[in-house]
Number of protein chains: 2
Amino acid sequence: MRDPTLRDVAQLAGVSPRTVSNVVNGYAPVTERTRRKVEQALAQLDYRPNLLARNLARGRSGQIAVVVPYLDTPYFSELLQGIIPRARERGYNVLIDQTDGDAAHERELIRRAARAFPFDGMILSPLGLDQAALSDRDPDLPLVILGERSSDGTFDHVGIDDVSASRDATAHLIGLGRRRIAAIGDQPYATGEAAQLRTRGYRIAHADAGLDVDESLIVRRPRFNRIDGADAMRQLLARPDPPDAAFCYSDLVALGALRAALQAGLRVPEDIALIGYDDIEEGRYSNPTISTISPDKATIAATAVDRLLQRIAAPTPLPGIEVPAGHRLIARESTLGRTSGG
Amino acid sequence: MRDPTLRDVAQLAGVSPRTVSNVVNGYAPVTERTRRKVEQALAQLDYRPNLLARNLARGRSGQIAVVVPYLDTPYFSELLQGIIPRARERGYNVLIDQTDGDAAHERELIRRAARAFPFDGMILSPLGLDQAALSDRDPDLPLVILGERSSDGTFDHVGIDDVSASRDATAHLIGLGRRRIAAIGDQPYATGEAAQLRTRGYRIAHADAGLDVDESLIVRRPRFNRIDGADAMRQLLARPDPPDAAFCYSDLVALGALRAALQAGLRVPEDIALIGYDDIEEGRYSNPTISTISPDKATIAATAVDRLLQRIAAPTPLPGIEVPAGHRLIARESTLGRTSGG
DNA sequence: ATGCCGGTTTGCAGCGCTGCAGAGTGTGAC
DNA sequence: GTCACACTCTGCAGCGCTGCAAACCGGCAT
């Protein structure tokens with residue numbers, strides 16, 4: 001059977017299709033009497049608006065794109081879990097795209113070069129975009145950026161304060177008496193603004209404590225994943241003067257580093273303490289559990305959606321702003337040791 | 001600026017909009033001369049079809065829904081990584097929905113009760129659907145089920161052979177000399193057909209080896225996640241006669257169990273060997289690494305998409321079939337111990 | 001020259017909905 | 001009793017595309 005249309009409902013209710021539309025959308029004023037008739041007809045036919053038709057007529061798609069580098073990175077899937085229902089509540093669907101960290105793909109998307117699917121706006125977590133690429137984008141695309149790049153005034157940026165979070169993490173290690181603290185995950189500014197900010201926080205914490213930074217303990221890594229963490233740790237442990245702690249720029253890096261440290265026969269945290277970043281569930285179940293910076297993911301997800309929908313709804317482009325989200329430090333076994341009996 | 005339409009291209013090329021449409025879609029025969037003219041105009045205007053309009057006219061949405069219980073379960077996000085590009089290649093977008101394992105929500109979706117978003121077919125990984133719920137669904141909805149439920153002839157089911165995979169896993173433990181092997185993750189048939197199949201494989205492996213099954217070592221758990229694994233393991237270790245191995249019905253369960261075992265001061269695998277199921281990346285980085293059953297996820301993802309698109313394209317409903325996918329056992333440290341020096 | 005044929009191209013209508021502006025209706029003021 | 005006005009409701013056109021079937025065209029047989 002064909003789905004019932006506005007016309008079918010109108011016929012049954014004895015009104016015009018336009019009036020049914022008004023009732024469905026709550027648009028124009030409608031008398032109580034008419035509304036009742038229409039609503040009854042709607043219910044009787046179990047009418048559902050055809051979203052394709054509605055969106056075509058309205059000239060929008062009703063969809064937003066969420067673009068992340070890797071879908072199987074827990075941080076992103078946890079974030080998506082917050083984004084999808086929020087957008088759905090507000091009448092938008094979410095299309096997910098994964099870039100594999102391919103900068104060319106990211107650039108294409110924000111230029112709307114490949115219109116493989118329709119969307120009204122985008123939440124993007126870039127990995128390889130430099131400022132030039134960001135400037136070259138479609139200026140009419142409502143855009144919210146997560147992580148990495150701070151706003152240049154043409155888009156919104158939602159994220160935690162990487163500098164102070166990183167300072168907190170590093171200070172935590174210093175507070176435990178560690179003095180040779182590695183930083184794993186630094187990246188050149190062009191592709192990793194967030195990484196740069198974290199390194200800055202790391203330096204500030206040292207300065208705060210009156211400690212010098214051993215530059216050779218700052219390890220660059222192309223990505224924030226397990227293998228990078230493991231490699232970096234192996235490299236650090238091969239030194240004559242290995243570190244006694246490491247601030248890892250993601251929990252995955254920390255988990256990789258942990259694996260490498262344990263494989264090398266070290267005890268964590270006794271021989272080397274580790275702290276990560278992101279607070280993914282996995283870090284709460286590893287052995288030992290991973291201390292971490294926990295960003296307020298629920299707020300980030302909700303804010304990103306809300307800001308994006310505001311931009312989409314705005315008749316003229318809104319100025320791009322920085323939206324801060326909170327974070328807190330969660331100390332677990334990888335820095336504190338097995339304190340509790342549990 | 002308004003995006004160029006078929007009409008704009010037609011005007012520029014000096015042909016009718018219909019002909020442009022034919023060229024774009026490669027439909028009707030078009031002379032080389034005409035094609036050339038049109039293609040030039042297409043390129044000049046950088047024309048992209050409006051998918052909303054196309055789909056409305058064609059009477060389809062061009063989207064498929066992929067419904068999983070939890071997006072942040074690594075197994076599903078790894079699967080999605082295979083599904084999304086495959087669907088995109090074939091001209092379909094993927095809408096992701098997460099049910100939180102809510103059976104009512106799942107039921108609603110397959111009955112198409114809530115048409116919050118348009119889709120032409122669905123790939124569903126159910127968690128709480130019994131056979132009755134499956135039968136009550138919208139019969140016109142092309143459906144492919146992953147895991148859990150085998151086909152009743154009205155939809156396709158894609159999955160590995162749970163029985164033989166589970167037998168392999170259990171046999172591996174038996175082969176290592178373990179004799180008190182727990183099974184963690186059993187579920188009542190109504191909601192967990194896959195769990196039942198795994199338990200069956202577990203029994204068969206015992207029978208093959210001429211061993212009796214200690215029924216009290218089969219532990220039921222509502223879900224397949226870390227906390228379930230940890231709880232189950234604590235419960236098992238509290239017994240006077242704890243097991244010396246456990247076959248866990250997912251890697252997450254195994255990771256949870258591992259955590260609990262280590263917390264209790266046991267050595268893995270010396271005191272208790274563990275094997276999981278799913279081969280998620282996390283299990284390759286845990287300490288120790290987790291032995292597991294590795295399903296051929298790439299094939300599952302590709303096959304699910306292909307079958308679904310076939311069902312969507314079919315003029316009359318296709319008979320539902322079982323599509324097997326391969327699996328293999330990967331033995332790692334949680335059963336073998338630290339064999340390699342690495 | 002006429003008719004016929006197969007291959008190309010086109011026009012029409014419509015997918016189901018909404019924006020807009022106009023038509024209809026009832027009420028109160030004069 | 002008449003007019004103006006505010007409030008409801010409706011009709012039309014169109015979003016951009018495709019299905020369908022008719023129209024067209026050149027070439028060939030008669």
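Quick note on labels: first sequence line is chain A, next is B, and so on, each numbered from 1.
- Note: CG (B:Leu51) to C1' (D:dC15) measures 14 Å, nearest angstrom.
- In the set C:dC17, D:dG19, C:dT10, the nucleotide with an atom closest to the side chain of A:Tyr47 is C:dC17.
- Nearest nucleotide to the B:Thr34 side chain, out of C:dG11, C:dT9, D:dT10: C:dT9.
- In this entry the distance linking CG of B:Asn22 with P of D:dT18 reads 9 Å, nearest Å.
- Comparing D:dG16, C:dG19, D:dT18 by their nearest atom to the side chain of B:Thr5 picks out D:dG16.
- The separation between B:Arg7 atom CZ and C:dG11 atom P is 12 Å, rounded to whole Å.
- Distance from the side chain of A:Thr19 is smallest for D:dC9 among the nucleotides C:dT9, D:dC9, D:dC17.
- Residue side chain B:Arg58 does not reach the base of D:dG16 through any donor-acceptor N/O pair under 3.5 Å, judged by distance alone.
- At whole-Å resolution of the value, CG in B:Leu52 and P in C:dG14 are 22 Å apart.
- In this view, B:Asp136 and B:Arg111 satisfy the salt bridge (charged side-chain N to carboxylate O under 4.0 Å, His left out) rule, not counting sequence neighbours.
- In this structure, CZ of B:Arg18 is placed 10 Å from C1' of C:dT9, rounded to the nearest angstrom.
- A:Arg60 places its CZ atom 23 Å from the P atom of D:dG14, with the value rounded to the nearest Å.
- Close to C:dT18, at under 4.0 Å from its OP1 or OP2, lies a side-chain N or O of A:Asn25.
- At a cut-off of 3.5 Å, with distance as the only test, no side-chain donor of B:Asn55 or B:Ser61 sits close to an acceptor on the other residue.
- If you check C:dT18, C:dC15, D:dC9 against the side chain of B:Leu56, the one that comes closest is C:dC15.
- One can place OH of B:Tyr27 at 13 Å from P of D:dC17, the figure rounded to the nearest angstrom.
- At least one side-chain nitrogen or oxygen of B:Ser16 sits closer than 4.0 Å to the OP1 or OP2 atom of C:dT10.
- Contact annotation: A:Thr31 reaches the phosphate of D:dC9 (side-chain N/O to OP1 or OP2, under 4.0 Å).
- Rounded to an integer number of Å, the gap from CZ of A:Arg48 to C1' of C:dC15 is 20 Å.
- For the pair A:Arg60 and A:Phe119, the cation does not sit on the ring face, since its NZ or CZ is not both under 6.0 Å from the ring centre and inside 45° of the axis.
- In this structure, B:Arg311 contributes its side chain and B:Leu318 its backbone to a donor-acceptor pair below 3.5 Å.
- When atom types are taken as modelled, the side chain of A:Asp100 and the backbone of A:Asp102 share no donor-acceptor pair closer than 3.5 angstrom.
- Checked against C:dC17, C:dT10, D:dC9, the side chain of A:Ala57 finds its nearest nucleotide in C:dC17.
- Counting non-hydrogen atoms under 4.0 angstrom, A:Pro49 reaches the backbone sugars and phosphates but no base.
- When the side-chain nitrogen and oxygen atoms of B:Arg54 are compared with OP1 and OP2 of D:dT18, one or more of them lie within a distance under 4.0 Å.
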